[in-house]
Amino acid sequence: MEKSLARYIWSNTRLQQLWILAVVALSMVPYFLSFDLPKQIVNGPIQGSGFEGEGATQTFMHLSYTFPLIGKVEFFQGVQLGREQMLMALSLVFLALVVLNGLFKFYINTYKGRLGERMLRRIRFQLIDRVLRFPPNHFKRVKSAEIATMIKDEVEPMGGFTGDAFVSPALLGGQALTALAFIIVQNFWLGMIAAGIVGVQAVVIPRMRKRLLELGRQRQLTARELSGRVGEIVDGIGTIHGNDTSNLERADIAARLGLIFSIRYDLYQWKFLVKFLNNFLAQVTPFLFYAIGGYLALQGRLDIGQLVAVISAYKDLPGPLKELIDWDQMRQDVQVKYQQVYEQFNVEPLIDDSIHKVAIEEVAALAAPIIVTNLAVSDDSGAKLIDHVSVEIKPNETVAVVGPNSSGAEAFAEALGRVVWPNSGRITIDGKDLLELPESVSGRRISYASSDLYFFQGTLRDNLLYGLKHAPLKDPEYDEQTAQEAKWHAAEAIKAGNPTLDPNSDWVDYRAAGATGPGDILTAMRPALDAVLITEDILDLALRSTVDTHVHTKLAEHIVDLRAALREKMQQSELGNIVVPFDFDSYNAQATVGENLLFGSMKRPIMNNRRLAAHPYFQTLFRETGLSNDLYAMGLEIAENAVELFHDLPPDHPFFQQLTFMTADDIPTYQALLQKLSSRKFDDATPEERSAIIRLSFAYIEPRHRFGLLTDELTAKIVSARKQFHENIPDDLAAVIERYDPEHFISSASLMDNVLFGRIAYQRADASESIRSIMVGLFETLDLFDDVLSIGLEFDVGSGGKRLTMVQRQKLNLARTLLRRSDYIILNRPLSALDQRVQDQITNNLVNELHHEGERPAIVWVLSNARLAALFDRILLFDRGSLVEAGNFPELSEQNGMFKELLS
């Protein structure tokens with residue numbers, strides 16, 4: 001990076017700066033003429049100079065120039081105008097000059113803005129590019145929030161300054177000098193007064209602003225540190241709550257905010273002191289002009305036109321001068337910021353550009369062994385993690401790396417995966433250093449996975465395929481307008497020094513996963529998902545998700561067949577009639593009162609329970625059917641029973657898990673409400689109280705809660721109200737409520753609800769699991785498994801994948817690694833969150849299933865369980881950073897060495 005911001009700007013925008021400087025120089029001509037024209041108007045047509053005789057005229061727009069050697073050349077003889085005509089003509093010329101000067105300013109400012117935005121885009125990209133090229137150990141010393149803040153906020157002023165870096169001093173300085181020169185031409189002493197004030201402003205104000213720069217630097221540093229601390233709080237929120245240190249964090253944040261406040265307060269005080277002095281000096285000059293200039297005019301040593309012209313010219317002098325001083329402050333301020341950015345991002349050694357070169361073509365397989373020679377790795381404190389280890393890992397062999405904690409086994413795997421860089425020694429493949437291989441080779445032919453993982457916000461599918469997105473392989477199909485926009489963006493990217501790679505292209509290397517394209521990528525995914533035992537989790541996510549019927553049309557079309565097949569399978573099994581189907585003419589005892597009344601699904605978030613209850617049609621229906629009183633009485637009974645049964649229980653008692661209509665925190669609220677509503681009359685309660693009571697009845701299920709509150713009469717009344725509700729439902733409600741229909745797919749309901757089309761009886765606790773198993777078999781039978789799996793893969797994993805459990809994240813990370821089908825697979829305790837039984841099963845799956853005919857990658861696996869080493873061809877045993885034993889399982893298990901101790 002360039003150390004000087006001005007040099008950085010000039011080297012990247014030289015030609016554009018020269019062009020705009022030429023435009024600025026040209027703009028000075030009409031700017032000067034606009035100062036002289038008021039004098040001509042006042043002295044000429046207004047005061048009558050040159051129009052002494054009756055009918056006198058003057059020449060207007062006479063254009064001529066005397067050239068060397070050629071002599072005088074006349075371009076236009078001009079026209080003769082009278083006094084009033086000359087006044088109008090000169091006034092129109094003045095208006096034209098105002099418009100012309102405005103157009104110059106418009107063009108210059110627009111050009112500056114575009115130039116600045118391009119430079120801002122360039123520097124942000126270059127900083128992010130440098131982040132991508134930081135050495136791995138540097139990330140242990142920086143905070144992600146601080147880096148993000150610098151790239152997002154701290155370089156923002158640099159973009160604005162880019163357009164002003166050379167243009168502003170030329171434009172503003174030119175305007176100020178033009179105005180000052182004009183004043184001196186009119187009257188020398190008035191010009192000297194203006195020059196003296198300008199000199200004071202140019203010398204004193206910048207010196208005073210040095211304090212502002214120091215305060216601004218302190219403000220920037222403290223704000224960046226605050227951003228880093230906030231990022232730490234968000235990342236470590238579990239640790240904070242687990243150690244009861246939230247108040248310590250509040251105290252720390254309050255202290256930091258107090259420091260920022262004091263710095264900003266000092267900054268404001270000093271800023272307005274400088275502003276006061278600057279404004280005072282600017283206002284003193286007009287006083288001197290009026291006093292001294294007026295005196296000279298009274299003495300006849302200065303005509304009125306000149307005085308008016310001088311005052312008019314000076315009116316335009318403080319503006320450019322003030323802006324020039326502001327520019328100088330901005331220059332120093334931006335240079336300080338740039339210096340901080342330079343220090344933060346000037347990291348050595350950076351990863352070489354050639355390592356990240358885009359490679360669209362297919363990368364050849366690695367057929368040579370990995371040779372580790374005298375490898376030494378240290379941590380940041382200098383402690384040795386690996387001490388001069390030499391080993392060879394052959395293609396197609398499986399190697400188990402074992403050892404106690406801090407043995408160096410993990411560091412060995414990290415070195416093979418390029419996660420850490422060796423202090424000395426080499427790791428080579430076919431004579432080439434591993435660190436010098438392009439990432440297009442190491443990132444495709446060598447896969448690395450550990451328990452330290454990260455997922456980007458997006459779908460499961462996006463994160464699974466992330467390891468296959470190396471280069472744009474197929475351009476997107478754009479319509480004509482979008483294609484033109486894409487070309488424009490590409491041209492702008494080139495001007496800003498950005499790459500023209502289109503993120504909307506198809507980047508997925510389907511061939512690397514064993515697929516031919518998007519159509520069969522799911523088939524390629526299945527073995528990897530099955531091997532890490534995550535397929536069932538993805539299917540569960542699919543069953544709990546809503547389905548876009550426009551995308552998954554096949555599944556929507558077969559929903560009726562699925563329902564019928566599920567009923568038939570359950571009849572053939574011991575489940576029998578465990579699912580009670582929805583029937584428009586009968587009450588479903590396994591569903592809530594609210595579900596029975598609505599008999600449909602709401603399109604959330606457009607419609608919810610609260611909005612439905614407040615709808616006039618729904619309220620009218622309640623009044624007309626008398627359900628308001630019935631459900632109010634039912635809600636009171638539920639509240640009384642719940643309060644009586646649970647008010648003495650602690651909030652974490654398992655009985656509260658059976659309550660779907662009330663939480664432990666609600667018990668005191670309803671206890672007080674029952675005391676207030678002792679009369680139990682509907683009319684005595686306020687609308688809010690009625691709503692709180694009736695809400696309890698909506699969630700009531702007789703077989704589950706067993707309060708004996710649902711009579712045949714009440715259920716019949718609910719069914720009748722349901723029919724009336726759907727018979728006359730208004731259009732606005734019909735658009736957001738889908739009625740249950742046994743012959744159609746319900747797009748606002750989950751896939752599970754669509755297939756069941758009913759509710760599972762509460763008599764059997766394991767019924768849901770059994771039904772899920774039957775559903776999975778049906779999906780396979782009806783050739784819908786890929787559709788359902790695809791729905792699960794559309795699940796949004798959240799920021800950092802936090803919507804998934806740690807077990808699911810580790811499984812998904814391993815599946816992503818396997819999907820790439822690399823030649824060398826380095827696994828560094830990737831399943832630490834799983835119990836040992838599941839780890840053993842997945843290890844067996846991977847070692848046995850990855851090594852089949854025609855596909856036998858080399859596997860280097862740092863194991864948590866030494867007994868699993870029996871599955872591998874060779875074992876490397878590390879202790880205290882050294883390779884202490886090597887051999888196969890039978891050899892090492894028979895020796896009285898350290899490996900035998902690990903097995904016991």
Side-chain angles (χ1 to χ4, degrees), residues 1-2 4-31 98-130 148-176 319-320 322-338 341-342 345 478 480-504:
M1 291 181 67
E2 289 280 1
S4 167
L5 177 61
R7 199 158 49 240
Y8 177 82
I9 292 172
W10 181 255
S11 63
N12 288 292
T13 62
R14 184 185 305 108
L15 295 178
Q16 294 92 330
Q17 298 286 359
L18 290 173
W19 163 252
I20 198 65
L21 286 173
V23 174
V24 167
L26 184 63
S27 71
M28 291 299 106
V29 176
Y31 187 71
V98 169
V99 173
L100 184 58
N101 285 323
L103 290 175
F104 267 113
K105 284 185 178 181
F106 175 77
Y107 179 81
I108 292 169
N109 288 327
T110 303
Y111 195 91
K112 285 194 310 181
R114 185 171 56 184
L115 195 61
E117 289 303 314
R118 281 181 185 155
M119 180 57 71
L120 180 61
R121 178 177 177 176
R122 177 188 295 272
I123 192 170
R124 277 178 171 161
F125 177 81
Q126 288 186 353
L127 293 181
I128 294 172
D129 176 71
R130 293 183 79 84
T149 299
M150 294 184 77
I151 294 175
K152 175 182 174 291
D153 296 326
E154 294 189 26
V155 301
E156 182 86 25
M158 299 176 196
F161 180 73
T162 296
D164 293 325
F166 301 99
V167 175
S168 285
L171 176 63
L172 299 173
Q175 289 178 343
K322 179 179 178 299
E323 290 181 32
L324 194 59
I325 295 172
D326 290 340
W327 171 87
D328 185 63
Q329 182 193 359
M330 182 170 64
R331 178 189 63 81
Q332 297 180 57
D333 189 34
V334 170
Q335 179 59 43
V336 169
K337 287 185 173 67
Y338 182 79
V341 170
Y342 172 82
F345 287 86
Y478 289 138
E480 186 176 349
Q481 180 179 352
T482 310
Q484 291 297 325
E485 292 177 0
K487 288 181 180 178
W488 182 86
H489 284 295
E492 279 296 317
I494 293 172
K495 293 175 183 177
N498 287 196
T500 57
L501 302 174
D502 189 348
N504 297 314

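The two residues Thr500 and Ala490 have their closest heavy-atom pair at CG2-O, 3.6 Å. Among all heavy-atom pairs drawn from Pro499 and Ala493, the shortest one is O-CB, 3.8 Å. Closest non-hydrogen pair, Tyr478 versus Ala483, comes out as CB-N, 3.7 Å. Across Pro30 and Phe104, no two heavy atoms sit closer than the pair CG-CE1, 3.9 Å.
With values rounded to the nearest 0.5 angstrom, Asn498 atom CG is found 8.5 Å from Gln126 atom CD. For the atom pair CD1 of Ile123 and CZ of Phe345, the computed distance is 9.0 Å after rounding to the nearest 0.5 Å. Note that CH2 of Trp10 is 13.5 Å distant from CZ of Arg7, once rounded to the nearest 0.5 Å. Put simply, NZ on Lys112 and CZ on Phe161 are 11.0 Å apart, with the number rounded to the nearest 0.5 Å. Atom CZ of Arg122 is separated from atom CD1 of Ile9 by 11.5 Å, given to the nearest 0.5 angstrom. Distance CD1/Ile108 to CG/Leu115: 13.0 Å, rounded to 0.5 Å.
No donor-acceptor pair under 3.5 Å is formed between the side chain of Asp129 and the backbone N or O of Phe125.
The side chain to side chain contact (heavy atoms under 4.5 Å, CB included) check on Glu492 picks up Arg118, Arg121, Trp488, Lys495, with sequence neighbours excluded.
By the 30° and 60° cut-offs, the orientation of the rings of Tyr107 relative to Trp19 is perpendicular.
In this structure the side chain of Val23 never reaches within 4.5 angstrom of the side chain of Tyr111, judged on heavy atoms.
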